[in-house]
Amino acid sequence: CDEETFEYDSLKFYTVGNAEYVSEYALLLYNAEMQNLIPKIINSKETIIRFYGDPIYSDFVVSNRMKLDLKEFMKTIKALQ
């Protein structure tokens, strides 16, 4: 998020696919750490999520639309509490 860096080293990736399509995803716990991180993502000018592999990496830029979705997600969580 902007100039801050956060690291998660315990992500487990899952793969779903067939001969025509492959998708990978990771499940993230919504815990106190995420509660602090999500507002920083929403309010950042730029957020890049970097996925490290061996020996490569891939960068994912969080779009403004995704930030709006996260904002709605946070509103929903707050309403359910």
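Atom set for the values below is all heavy atoms of this structure, side chains included, hydrogens, waters and symmetry mates excluded. In this chain, residues are counted from 1 in sequence order. Everything numeric in this text was worked out from a predicted model, so none of it was measured.
Asp59 places none of its side-chain heavy atoms less than 4.5 Å from the side chain of Ile49.
When the side-chain contact (heavy atoms from CB on, under 4.5 Å) test is applied to Glu46, the partners found at least two apart in sequence or on another chain are Asp2, Ile48. Legend: residues meeting salt bridge (Lys or Arg N to Asp or Glu O under 4.0 Å) with Glu3, ordered by chain and number and at least two apart, are absent.
Rounded to the nearest 0.5 angstrom, Asn43 CG and Cys1 SG are separated by 9.5 Å. Separation of atoms CG (Leu37) and CD1 (Ile42) is listed at 9.5 Å; rounding is to 0.5 Å. Note that the CG atom of Leu28 and the NZ atom of Lys12 stand 14.0 Å from one another [nearest 0.5 Å].
Taking a 4.5 Å side-chain heavy-atom cut-off between Ile, Leu, Val, Met, Phe, Trp and Tyr, the cluster of Val22 contains only that residue.
Applying the side-chain hydrogen bond (donor to acceptor under 3.5 Å, both in side chains) rule to pairs touching residues 24-37 yields Thr15-Glu24, sequence neighbours excluded. Annotation: ring pair (Phe, Tyr, Trp, His ring centres under 6.0 Å) contacts involving residues 43-70, sequence neighbours excluded, comprise Phe13-Phe51.
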Side chains of residues 66-81: which donor-acceptor partners sit under 3.5 Å, not counting sequence neighbours?
{"unit_1": "Lys67", "atom_1": "NZ", "unit_2": "Ser44", "atom_2": "O", "d": "2.7"}
{"unit_1": "Lys67", "atom_1": "NZ", "unit_2": "Ser44", "atom_2": "OG", "d": "3.3"}
{"unit_1": "Asp69", "atom_1": "OD1", "unit_2": "Arg65", "atom_2": "NE", "d": "3.1"}
{"unit_1": "Asp69", "atom_1": "OD1", "unit_2": "Arg65", "atom_2": "NH2", "d": "3.2"}
{"unit_1": "Glu72", "atom_1": "OE2", "unit_2": "Lys75", "atom_2": "NZ", "d": "3.3"}
{"unit_1": "Thr76", "atom_1": "OG1", "unit_2": "Glu72", "atom_2": "O", "d": "3.0"}

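Within 6.0 Å of the CD1 atom in Ile56, the count of heavy atoms belonging to other residues, nucleotides or ligands does not exceed 12.
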